[in-house]
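Here is the structure we will look at, set down as C-alpha cells.
When a ligand or atom number is given, it counts from 1 through the structure's own listing order. Computed from heavy atoms alone, side chains included, the values below leave out hydrogens, waters and symmetry copies.
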Amino acid sequence: MASILHVDPSPRGDRSKSRQLAKKFIDAWQDLHRDDVITYRDLRQTPVPHVTEDWIAASFTAPEALTPEMTELLKFSDELVNEFLAADRCVFSVPMYNFSIPSNFKAYIDQVVRVGRTFTEEDGQVKGLANGKKVLFITSRGVEFEAGSPYEGWDSQEPALRYAFQYIGVSDIQFIHANGLDMGGGAKTGARRSTI
Ligand SMILES: Cc1cc2nc3c(=O)[nH]c(=O)nc-3n(C[C@H](O)[C@H](O)[C@H](O)COP(=O)(O)O)c2cc1C
C-alpha cells in the first residue's frame with residue numbers, strides 16, 4: 001500500500017486540461033492499486049500565500065527558538081511539508097504559464113522547500129531530506145516545444161520543477177507533457193507513457 005499525494009494548481013475548474021489529465025491518471029492508477037491511499041490538495045480551494053520577510057525569518061529560526069507568532073506563520077507550510085513528506089509518490093498537475101509554472105504553484109514550492117524540513121546543510125553542502133519518493137508532473141501547455149518548432153528551448157517549466165525537487169532530495173522525477181492544448185487548432189498531445 002502506497003500513499004499518493006495529488007495536487008492540482010490550475011485556477012481553472014472543470015475546464016482545466018491539467019486537472020482532467022491528472023484525474024484520468026489517478027483514476028487509472030487507483031483501478032490498478034486499490035489499496036493505495038490518495039491525499040488530494042486543490043490549490044483553488046486552499047490558496048497558498050506568498051512568503052514574506054517574517055515568514056523567511058521564521059523558517060530560518062531553530063524550532064526551539066520559535067515564538068508563538070512564528071509558529072503560527074509556519075503552520076500552513078508545516079501542513080504542506082508534512083503532507084508532502086508523508087507521500088511515497090506525488091502527482092502534480094501543472095499548467096504552463098508564460099513558459100514556466102503558475103504563481104500559485106511557485107508559492108506552493110516556496111512553502112515546501114524548507115530548511116530543516118525538506119533540506120539541510122552539512123559542511124556547506126545542501127542535503128535533500130525528501131528522499132525515496134517518486135514525483136510525476138503532468139503538464140498542460142499551449143504550444144509545441146519539439147526540435148524545429150518556434151518555441152524550441154523555451155520550456156522553463158520542466159527545468160524549474162526538476163531543480164526545485166532535486167534540491168530537496170527527490171531523485172525520481174518524471175514528466176508527462178501535453179503540448180499544443182488550448183491555443184487553437186485542437187488538442188495535440190505529446191504525452192509520453194509514464195508511471196509514478
Ligand atoms: C496566463 C496564461 C499564460 C499562458 N502561457 C503559456 C505559455 O507561456 N506557453 C504555453 O505553451 N501555453 C501557455 N498558456 C496556455 C496554457 O498552458 C494551457 O491553456 C493549459 O492547458 C492551461 O492549463 P489548464 O487547462 O489546466 O488550466 C497560458 C495560459 C494562460 C491562461
May I ask you to check if ligand 1 and [X] share an N or O to N or O distance below 3.5 Å?
{"X": "Tyr97", "answer": "no"}
{"X": "Pro95", "answer": "no"}
{"X": "Met96", "answer": "yes"}
{"X": "Phe99", "answer": "yes"}
{"X": "Lys17", "answer": "yes"}

Neighbour count above 12 (heavy atom, 6.0 Å) for Glu53 CD: no
Within 45° cone and under 6.0 Å: Lys133 NZ/CZ vs Phe84 ring: yes
Donor-acceptor under 3.5 Å (Arg89 side chain, Lys134 main chain): no
At less than 4.0 angstrom from any non-hydrogen atom of [X], what atoms of ligand 1 do you find?
{"X": "Val143", "result": "10 (C), 11 (O)"}
{"X": "Ser10", "result": "24 (P), 26 (O), 27 (O)"}
{"X": "Gly142", "result": "10 (C), 11 (O), 12 (N), 15 (C), 17 (O)"}

Of Ser93, Ser16, Ser18, the residue whose pairing with Asp8 passes side-chain hydrogen bond (donor to acceptor under 3.5 Å, both in side chains): Ser93
The one among Ser156, Ser140, Ser18 that brings a heavy atom closest to atom 20 (C) of ligand 1: Ser140
Step-by-step side chain to side chain contact (heavy atoms under 4.5 Å, CB included) determination, His6 to Thr39: CA-CA 6 Å; His6 170 196; Thr39 299; over 6 Å; no
Carboxylate-amine/guanidinium proximity below 4.0 Å for Arg41 and Glu79: yes
Ring geometry between Trp154 and Phe99 (parallel below 30°, tilted from 30 to 60°, perpendicular above 60°): perpendicular
Ligand 1-proximal atoms of Ser16, by part, heavy-atom distance under 4.0 Å: both
